[in-house]
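All remarks here apply to the structure that follows.
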Number of protein chains: 2
Amino acid sequence: MNPDAGLRERKKAKTRAELTEAALRQFTERGFDETTVEDIVGACDVSPRTFFRYFDSKEDVVIGFFDDLGAELVELLAGRPPDEAPFAAARAAFESFADIYQERRNRVCAVSQLAYETPPIRARLLDKHARWENGLARELARRMQTDPETDPRPRLIAAVSLAAFSTAVRGWVADGGRGELSPLVSANLRAVENGLDRTSVPSA
Amino acid sequence: MNPDAGLRERKKAKTRAELTEAALRQFTERGFDETTVEDIVGACDVSPRTFFRYFDSKEDVVIGFFDDLGAELVELLAGRPPDEAPFAAARAAFESFADIYQERRNRVCAVSQLAYETPPIRARLLDKHARWENGLARELARRMQTDPETDPRPRLIAAVSLAAFSTAVRGWVADGGRGELSPLVSANLRAVENGLDRTSVPSA
DNA sequence: GGAAATGTGACAACCGCTGCCATTTCGCAT
DNA sequence: ATGCGAAATGGCAGCGGTTGTCACATTTCC
């Protein structure tokens with residue numbers, strides 16, 4: 001926790017972290033619907049009203065974790081050399097992005113598991129992905145020197161590469177996040193890059 | 001409305017249709033959050049309690065329209081010749097599926113527009129797509145004679161082809177659903193089929 | 001130290017949604 | 001036609017998520 005910040009900032013960060021942890025723990029133990037906001041705040045000495053000052057909704061406690069990741073993904077893409085072909089650049093960005101997932105394996109797996117069994121959370125997560133897709137499409141359009149509103153190509157590349165990435169993550173999580181994510185991501189994106197009826201994706 | 005069915009069935013279908021229409025109209029006029037369930041039932045001489053016997057949630061009135069479409073999509077894929085390559089079969093299925101969208105242009109556009117500006121609805125719609133993806137993956141696995149749980153390929157093809165389709169729909173809807181959807185879908189899926197950094201998608 | 005900004009708690013209210021039970025309506029056999 | 005069982009409905013009470021409001025406490029800054 002940044003010690004330079006004032007007391008106020010530090011306190012806020014602490015409560016936020018406490019709330020997130022308490023919520024995540026109870027959600028996974030008891031289930032999302034079975035855990036009320038009062039249950040969550042009860043473990044943190046905070047009023048229900050304050051909970052909603054930190055999070056827009058109960059779901060946001062879970063999803064909030066993914067909030068900043070979209071920006072990182074776009075930055076990774078923006079950092080690729082300009083002469084790289086668009087999809088190849090996206091693939092490289094996702095390969096690095098996979099490492100971020102790997103680092104936070106526990107959180108990613110916990111949230112994914114939660115999303116798997118809780119429709120509203122799953123829906124929210126998908127919506128978050130859709131926002132990433134927007135960011136990706138915009139950055140790809142910039143890189144391709146085209147208008148993302150009229151030219152469908154950047155959006156298509158964004159959507160398809162993200163789908164390939166998500167599919168890899170899904171498999172990784174289903175396996176308990178044991179192996180390495182990056183190679184799975186790479187394999188999926190290369191398969192798409194080369195045309196799906198041409199290539200054989202390793203079936204392991 | 002099927003006249004063979006008893007009075008009961010006909011009545012139910014009628015109420016359901018009325019509720020859907022009233023809801024959709026008010027949602028688009030006044031906004032989703034600004035329209036309460038009481039507003040909806042007020043236009044149909046139905047009690048709020050009964051509304052929730054027809055729909056699981058307020059959102060379901062909007063999304064319900066897409067409920068049966070997933071099954072149709074899977075059937076279209078199942079109807080493709082068995083020797084067709086998997087992605088090519090998916091492409092063909094989506095091309096036909098596009099015609100179903102085109103037939104119901106008004107509904108599709110209205111719901112999409114609503115989804116665009118109403119996060120919870122957008123999320124639900126994405127979740128519905130995710131279910132379609134499951135169905136597609138299963139059917140592709142059957143066709144490829146492989147296990148959808150261990151072999152990532154059918155899921156990858158399902159996810160990617162669906163993403164390409166959805167992107168085409170998005171463009172079509174953004175244009176007011178004026179042109180033909182099927183060619184857009186075909187172009188997107190062919191682009192993916194051939195490898196995204198190789199082909200040029202027509203930028204119109 | 002004190003004023004101004006900021007975070008918090010308590011209360012009330014709205015709305016989506018559900019369980020429950022009484023009432024009405026329909027389908028069907030007689 | 002009639003009456004009986006099944007199915008649909010309405011009304012009510014209640015839970016839980018979410019928001020507005022206002023008074024109070026705490027931190028920041030001068």
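The sequence lines fix the lettering, A, B, ..., with proteins before strands; numbering per chain opens at 1. Worth knowing before you read on, the calculation uses all heavy atoms, side chains too, and leaves out hydrogens, waters and symmetry mates.
- A salt bridge is absent between B:R30 and B:E34; no separation between the charged side-chain nitrogens and carboxylate oxygens falls under 4.0 Å.
- Taking the six-membered ring for Trp and the full ring otherwise, B:W132 and B:F165 have centroids separated by 6.0 Å or more.
- Side-chain contact of B:R122 with B:T118: a donor-acceptor pair under 3.5 Å is absent, judged by distance alone.
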Nucleotides 9-11 of chain C: which of its N/O atoms have a protein N/O under 3.5 Å away?
| unit_1 | atom_1 | unit_2 | atom_2 | d |
| --- | --- | --- | --- | --- |
| C:dG9 | OP2 | A:S47 | N | 3.1 |
| C:dG9 | OP2 | A:S47 | OG | 3.2 |
| C:dG9 | OP2 | A:T50 | OG1 | 2.6 |
| C:dG9 | N7 | A:R53 | NH1 | 3.3 |
| C:dG9 | O6 | A:R53 | NH2 | 2.6 |

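- Counting non-hydrogen atoms under 4.0 angstrom, A:Y54 reaches the backbone sugars and phosphates but no base.
- Distance A:K11 NZ to D:dT26 P: 7 Å, rounded to the nearest Å.
- In the set C:dT25, D:dT27, D:dG16, C:dT25 carries the atom at the smallest distance from any side-chain atom of B:R8.
- Note that B:R16 lies outside the cation-pi zone of B:Y54, set by a 6.0 Å cut-off to the ring centre and a 45° limit from the axis.
- Side-chain contact annotation: A:D99 with A:S96, donor-acceptor N/O pair under 3.5 Å absent.
- Comment: B:E193 does not engage B:R190 in a salt bridge, judged by the lack of any side-chain N to carboxylate O separation of less than 4.0 angstrom.
- Counting to the nearest Å, the C1' atom of C:dT18 and the CZ atom of B:F55 are 18 Å from each other.
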N/O contacts under 3.5 Å, protein versus nucleotides 1-4 of chain D?
none

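- Crowding of A:R80 atom CZ: a count of heavy atoms from other residues, nucleotides or ligands under 6.0 Å exceeding 12.
- When rounded to the nearest whole Å, the span between CG of B:D33 and P of C:dG16 equals 9 Å.
- Computed from coordinates, the B:E34 CD to C:dC15 P distance equals 11 Å when rounded to whole Å.
- Nucleotide C:dT8 holds its C1' atom 13 Å from the CG atom of A:L19, rounded to whole Å.
- Straight-line distance from the CZ atom of A:F51 to the P atom of D:dT19: 11 Å, rounded to whole Å.
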### Task
Give the intermediate values and the outcome of side chain to side chain contact (heavy atoms under 4.5 Å, CB included) for residues A:L77 and A:F94.
CA-CA 8 Å; A:L77 176 58; A:F94 275 115; over 6 Å; no
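- Side-chain contact between B:V61 and B:L24 is absent, with no heavy atoms from C-beta onward closer than 4.5 Å.
- For B:E59 and C:dC15, the CD to P distance is 17 Å, given to the nearest whole Å.
- Phosphate contact (OP1/OP2 of D:dA8, side-chain N/O of B:K12, threshold under 4.0 Å): present.
- Between the CZ atom of A:F52 and the P atom of C:dT8 there is a distance of 15 Å, rounded to whole Å.
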